Amino acid sequence: MGDGSPWADAERIVLARALDGRAVATVLDRDGERGRRALSAAELPAWVAEREASPGSRGVRWIWSSTTEWYPALLEAGVRVARCHDLRLCHAILRDAVPGAAELRAAVQWNGAAAGETAGHTEALFSLDEPRGGPRRDDVREVLEELARQDAAVPRATDPGRMRLLLAAESAGALVAAELASAGVPWDAEHHRRILEDVLGPRRGGVPQNMGRLAGEVRAALGDPALALDSPPRLLKALHNAGIRVDSTSKWELREIDHPAIAPLLEYKRLSRLLSANGWAWLDEWVHDHRFRPVYVPGGVVTGRWASSGGGALQLPRQLRQALRADPGWRIVTADVAQLEPRVLAAMSRDARLADAARGRDLYEGIVASGAVATRAEGKIAMLGAMYGATTGDSGRLVPRLRSAYPRAMGLVDAAARTGADGGVVSTWLGRTSPAPDELWRDAQTRASRPGASAADETRARRIGRDRGRFTRNFIVQGTAAEWALAWLADLRLRLADFPQVESGSAAPRSGRAFSRRAHLAFFLHDEVLIHAPEEQADAAAQAMRDAAEAAGRLLFGSFPIDFPLDLRISDSAAK
DNA sequence: GGTTGACGCGCG
DNA sequence: AAAGCGCGCGTCAACC
């Protein structure tokens with residue numbers, strides 16, 4: 001790699017799979033291949049640990065087809081690595097972001113999810129067992145060729161330096177995701193059950209008691225003794241029959257209605273949601289041995305955010321956070337970033353006035369102090385509206401005030417929206433690109449621009465254009481915020497890995513071998529991180545969170561004066 | 001019978 | 001107080 005790149009001094013070791021199932025490690029240095037050896041599954045962890053620890057290979061970067069295929073077995077054996085390059089995730093970024101990366105685009109066998117990761121609905125383009133999609137992705141030659149394609153593509157990125165950061169951050173995120181799976185979220189199932197019993201009432205075979213009582217009240221108030229509350233169409237008819245004029249059964253609409261059936265109905269919906277999303281069945285499926293182990297999918301969202309597939313980690317209701325409890329002798333350290341997205345917007349647009357409003361305080365209060373809006377609530381609505389593309393309501397009405405107060409920041413998101421509406425592609429700060437327009441957009445524009453297009457065609461084309469504009473407007477902000485969060489996580493996990501091990505007497509053995517004796521990441525949610533730490537390491541873990549946030553800000557935005565204050569708490573649980 | 005899409009709602 | 005981004009998941013109903 002070129003001078004100054006994060007890879008410049010790193011020894012690179014490529015792991016692939018031989019036909020006999022053994023791992024093949026190819027050691028690369030600046031001048032090319034320096035050696036190769038085959039290792040059995042039993043030999044691999046110790047060998048990796050040795051290379052990772054040896055002073056001579058400081059900065060070794062492990063290159064593999066996919067972190068989800070290689071790292072769990074190492075963690076299982078108690079071995080962590082500091083750095084990796086996840087070819088599958090990096091392929092997806094480079095393929096779209098590098099102009100003219102024809103070789104990468106042609107290597108379609110690298111598209112799609114990791115082998116063995118496609119449970120059902122997502123059609124696997126490729127699988128290790130049936131290489132019908134082309135070369136076996138884990139094959140030694142295939143892996144080395146893909147690495148060569150990516151090495152060739154990076155210097156042709158719009159900004160190679162930023163692209164290297166993005167690839168390193170994305171790969172580090174994949175390591176974090178595997179480590180989170182290994183460590184698990186400490187979960188107090190008994191406490192969770194108490195909450196369920198309190199809210200839903202005892203289960204007596206069928207419907208929990210409190211839900212049954214509420215359902216009875218709704219049926220009585222609507223004069224419909226057989227009504228099935230869980231069927232929106234039937235519920236809607238029953239509401240109409242009772243003279244309640246609503247277009248849907250959503251709680252937003254129902255909340256406006258004055259009728260004796262509404263209060264118990266809304267309460268019923270609340271309970272029903274808790275039961276189906278995080279009730280006893282969820283506990284049985286997802287919590288074992290005091291750990292909740294959700295399935296994270298790094299890079300699963302187009303913007304670069306993580307997705308999840310299983311366990312609903314990204315939707316844990318606030319109501320249940322108090323069941324997230326530290327092991328005895330351990331603490332929960334939580335940190336979330338205050339107003340991450342507008343801060344990122346200030347930095348990427350180099351808007352010094354917005355950065356001023358953000359500095360050292362609540363950003364929305366800062367907007368009030370600048371005189372642009374009257375109250376914090378207005379500042380928040382206006383800023384969200386600016387980032388999401390609101391045009392109507394209170395939000396849409398307030399956005400113009402921000403436009404005049406913060407022309408640089410607003411100019412950047414407005415420009416992204418115009419680009420998107422016109423069918424263009426936008427990029428995050430580090431260079432992840434938005435998808436090209438879909439068929440719906442292309443078709444609408446084609447219809448509207450042909451001779452004899454109707455007014456309806458033109459209206460439709462404009463609407464679809466605006467829809468896409470709202471997406472690209474938000475893409476650059478949400479995507480750059482995701483990059484900041486990855487940088488934060490990446491820095492934090494290395495700091496925590498340097499923490500000393502605690503006495504084995506105070507270990508938390510359920511956290512997995514690599515994490516049971518020192519502070520470790522336990523949960524991540526877009527702009528929020530949770531650490532499970534031995535009591536004596538809690539303060540240091542909190543400081544590591546602050547230091548990592550500071551480092552992430554500098555890594556992305558250099559000396560631009562933006563700060564990322566954390567809301568930090570040390571407690572027995574994750575409850576606010 | 002199984003699959004698919006709309007809905008509703010939880011999270012950021 | 002509800003229209004404006006990104007998700008996952010459970011449920012129901014329409015469909016093959």
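What you are looking at is a predicted structure, and each value in this text was computed from that prediction instead of being measured. A note on names: the letters A, B, ... follow the listed sequences, proteins ahead of strands, and every chain is numbered from 1.
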Once each nucleotide of nucleotides 11-16 of chain C is scored for protein heavy atoms under 4.0 Å, what B/S/- sequence comes out, 5' to 3'? SSS---
For [X] and [N], what is the distance between atoms [atom1] and [atom2] respectively, to the nearest whole Å?
| X | N | atom1 | atom2 | result |
| --- | --- | --- | --- | --- |
| A:Asp467 | C:dC5 | CG | P | 7 Å |
| A:Arg463 | C:dG4 | CZ | C1' | 15 Å |
| A:Glu253 | C:dA3 | CD | P | 10 Å |
| A:Trp306 | C:dG8 | CH2 | P | 15 Å |
| A:Asn278 | B:dG8 | CG | P | 20 Å |
| A:Arg466 | C:dC5 | CZ | P | 12 Å |
| A:Leu236 | B:dG8 | CG | C1' | 13 Å |
| A:Arg473 | C:dG4 | CZ | P | 12 Å |

Those residues that, when tested against A:Ile381, pass side-chain contact (heavy atoms from CB on, under 4.5 Å) (two or more places apart): A:Ser395, A:Leu398
Quick one: which residue pairs count as a side chain to side chain donor-acceptor pair (under 3.5 Å) with a foot in residues 213-222 of chain A, not counting sequence neighbours? A:Arg213-A:Glu217
Output the pairing pattern of DNA chain C as a dot-bracket string, 5' first, Watson-Crick or G-U wobble with both distances under 3.5 Å, | for cross-strand pairs, [ ] for crossing pairs. ....||||||||||||
Suppose we screen for salt bridge (Lys or Arg N to Asp or Glu O under 4.0 Å). Which residues come up paired with [X], at least two apart in sequence or across chains?
| X | result |
| --- | --- |
| A:Asp467 | A:Arg463, A:Arg470 |
| A:Asp362 | A:Arg376 |
| A:Arg569 | A:Asp567 |

Listed once per pair and sorted, the salt bridge (charged side-chain N to carboxylate O under 4.0 Å, His left out) pairs that draw on residues 286-303 of chain A, sequence neighbours left out: A:Asp289-A:Arg510, A:Arg291-A:Asp327
Just grab all the salt bridge (charged side-chain N to carboxylate O under 4.0 Å, His left out) pairs involving residues 239-264 of chain A, residues at least two apart or on different chains. none
Reckon [X] touches a base, only the sugar-phosphate, or nothing at all at heavy-atom distances under 4.0 Å?
| X | value |
| --- | --- |
| A:Gly300 | nothing |
| A:Glu256 | sugar-phosphate |
| A:Ala277 | nothing |
| A:Val302 | sugar-phosphate |

Need to verify one output field. Residue with the more 5' nearest nucleotide on DNA chain C, A:Thr391 or A:Ser308? A:Thr391
If we count only N and O atoms by modelled type, under 3.5 Å, do the side chains of A:Trp187 and A:His192 hold a donor and an acceptor together? yes
Will you find, in the side chains of A:Thr433 and A:Asp96, an N or O donor that is under 3.5 Å from an N or O acceptor? no
All side chain to side chain donor-acceptor pair (under 3.5 Å) counterparts of A:Arg403, not counting sequence neighbours: A:Asp414
Can you name the atoms? Protein N/O to nucleotides 9-12 of chain B N/O, anything below 3.5 Å, with the distance.
| unit_1 | atom_1 | unit_2 | atom_2 | d |
| --- | --- | --- | --- | --- |
| B:dC9 | OP1 | A:Lys269 | NZ | 3.3 |
| B:dC9 | OP2 | A:Lys251 | N | 3.2 |
| B:dC9 | O2 | A:Arg273 | NH1 | 3.0 |
| B:dG10 | OP2 | A:Lys251 | NZ | 2.4 |
| B:dG10 | O4' | A:Arg273 | NE | 3.2 |
| B:dG10 | O4' | A:Arg273 | NH2 | 3.0 |
| B:dC11 | OP1 | A:Arg318 | N | 3.1 |
| B:dG12 | OP1 | A:Arg318 | NE | 3.1 |
| B:dG12 | OP1 | A:Arg318 | NH2 | 2.3 |
| B:dG12 | O3' | A:Asp527 | OD1 | 2.7 |
| B:dG12 | O3' | A:Asp527 | OD2 | 2.7 |
| B:dG12 | N2 | A:Arg305 | NH1 | 3.4 |
| B:dG12 | N3 | A:Arg305 | NH1 | 3.3 |

Output, in order, the C-alpha distance, side-chain angles, deciding distance and verdict of ring-ring contact (aromatic ring centres under 6.0 Å, His included) for A:Phe557 and A:Trp484. CA-CA 10 Å; A:Phe557 303 118; A:Trp484 184 91; 8.8 Å; no
Without placing hydrogens or testing angles, list every side-chain donor-acceptor pair under 3.5 Å for residues 520-529 of chain A, not counting sequence neighbours.
| unit_1 | atom_1 | unit_2 | atom_2 | d |
| --- | --- | --- | --- | --- |
| A:His520 | NE2 | A:Ser511 | OG | 3.3 |
| A:His520 | NE2 | A:His532 | ND1 | 3.3 |
| A:Glu528 | OE2 | A:Arg321 | NH1 | 2.9 |

